[in-house]
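Got a structure for you, written out below as structure tokens; questions coming shortly.
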Amino acid sequence: MVTPALAVNGSTKIMGVIGDPIAQVMTPTTINPIFAALKANIVCVPLHIGARELDTAWAGLKALRNLIGFGITLPHKQAALALCDSLDPLAKRVGAVNLVRREADGTFRGYQFDGKGFVRGLKAQGHTLSGSHCLMVGAGGAAIAIAFALAEEGAASLTIANRTRTKAEELADAVNRAMGRSFARAGDPRPTPGEIIINATSLGLSASDPLPIDASLVDETMLVAEVIAKPEVTPLLEAARGRGARVHSGIHMIRGQVDLIAAHMAEVQTDS
């Protein structure tokens, strides 16, 4: 049963979600019922902001006194780092932000929940990460957070494939340094039996997008996971399911972090 939303009134606080495109975001749908259940007078809304307008929009967001913060999706997760007044240690280490909260002193602080959400989503669906071998396509904001989270969860190895190979190499080096072990490496998007395959790119938002990997290489020993939540079943997941693989929608990454984010945002409203 869906919890009814609180009535919006003059005291309602706003949480935004910024990105470009924005129509695919599922955070408002999933987090607003949680705010209602917490009896927090907060409503989450999507805000369509392009990369060229981010600096200008940021100043406008700060000027909105009833805005308590905003989620961040592509392409802003790394660009937002330099705009935040301060960074949570995890966001600083990962080098990407997926949530900005207005702190009690009015400053904007960047946080990172993507990796934790991805891991929690997989575990909630009964998947084991400890000792697993993973192939991830992408090296952007969400991918960076996921790479660190996989290492911390005890995955055995991670191959990172990216269109710009140097970005994959830089991410692998950063994770290995932080973890103190040879965990990640740059490689090609060629899955091998038994791997967890992760699409951490935007490929799949549109039905006309090419698949991030060659689906003919997928078999029934693999788990194919997405970060894309809408559509819940992307062309990659559809193709993987047709090959007998287990599939995992990006909606689980959202569900794995929205309760944490909702509590985090409501905390400041309660304190203020």
Side-chain angles (χ1 to χ4, degrees), residues 15-19 25-27 30-31 34 44 47 49 51 54 58 61 67-103 107-124 129 134 136 138-155 158 160 162 167-168 170-179 183-184 198-202 225-229 250-268:
M15 173 185 167
V17 182
I18 69 170
V25 296
M26 297 295 291
T27 300
T30 53
I31 205 169
I34 299 175
C44 180
L47 302 172
I49 298 171
L54 182 60
W58 197 275
L61 292 169
L67 182 86
I68 60 171
F70 44 94
I72 301 181
T73 187
L74 58 86
H76 305 314
K77 293 187 179 187
Q78 290 167 287
L81 280 171
L83 298 174
C84 290
D85 297 308
S86 65
L87 296 171
D88 179 73
L90 178 59
K92 188 173 184 178
R93 185 179 74 172
V94 168
V97 169
N98 85 317
L99 183 75
V100 171
R101 188 176 75 172
R102 189 192 297 271
E103 302 299 302
T107 60
F108 276 4
R109 185 171 177 85
Y111 295 88
Q112 176 52 251
F113 288 89
D114 275 335
K116 192 176 296 185
F118 185 78
V119 165
R120 289 180 88 211
L122 280 171
K123 293 171 75 173
L129 286 167
C134 306
M136 181 172 66
I144 296 169
I146 289 169
F148 280 95
L150 291 173
E152 291 172 347
E153 194 62 26
L158 173 65
I160 304 166
N162 192 64
K167 286 189 68 176
E170 289 168 1
L171 175 53
D173 289 344
V175 175
N176 290 340
R177 282 196 307 271
M179 295 296 109
F183 164 71
I198 304 159
N199 175 35
T201 75
S202 61
E226 275 280 9
V227 301
I228 293 171
I251 192 65
H252 300 299
M253 184 174 85
I254 302 299
R255 291 172 178 159
Q257 61 182 301
V258 286
D259 59 331
L260 301 176
I261 289 174
H264 194 64
M265 300 302 278
E267 179 182 60
V268 166

State, to 0.1 Å, how close F118 and A225 come at their nearest heavy-atom pair, and which atoms those are.
-> CZ-CB, 4.0 Å
Test side chain to side chain contact (heavy atoms under 4.5 Å, CB included) applied to L158 and V175, step by step = CA-CA 10 Å; L158 173 65; V175 175; 5.9 Å; no
side-chain contact (heavy atoms from CB on, under 4.5 Å) partners for L81, two or more places apart | L87, V97
Rounding to 0.5 Å, atoms CD1 (I254) and CZ (F113) come to a distance of 13.0 Å
Would you mind listing every side chain to side chain donor-acceptor pair (under 3.5 Å) that reaches into residues 67-82, with sequence neighbours excluded?
-> K77-D114
Taken to the nearest 0.5 Å, the spacing of T27 OG1 from N98 CG works out to 8.5 Å
Check whether any side-chain N or O of D85 sits under 3.5 Å from a backbone N or O of R109 as a donor-acceptor pair, and report yes or no.
-> no
4.5 Å side-chain heavy-atom contact, L260 and R120 | yes
Expected output: side-chain N162 to main-chain K167 donor-acceptor under 3.5 Å = no
Please round to the nearest 0.5 Å and tell me the distance separating atom CD of E267 and atom CD of E103.
-> 8.5 Å
Quick one: CE on M253 to CD1 on I198, what's the gap to the nearest 0.5 Å?
-> 10.5 Å
With no hydrogens and no angle check, is any side-chain donor or acceptor of Q257 less than 3.5 Å from a backbone partner on K116?
-> no
Flag the pair M265 / R101 as yes when at least one side-chain heavy-atom distance between them is below 4.5 Å, and no otherwise.
-> yes
Which residues satisfy the ring pair (Phe, Tyr, Trp, His ring centres under 6.0 Å) test with F183, sequence neighbours excluded?
-> none
Are any side-chain N or O atoms of T30 and backbone N or O atoms of M26, one a donor and one an acceptor, separated by less than 3.5 Å?
-> yes
Once you round to the nearest 0.5 Å, how far does OG1 of T201 lie from CD of E226?
-> 7.0 Å
Are the side chains of I261 and I34 in touch, meaning some heavy atoms are under 4.5 Å apart?
-> no
Check whether any side-chain heavy atom of I49 sits under 4.5 Å from a side-chain heavy atom of F70, and report yes or no.
-> no
Distance col, row D88:CG vs L99:CG, nearest 0.5 angstrom, shows 10.0 Å
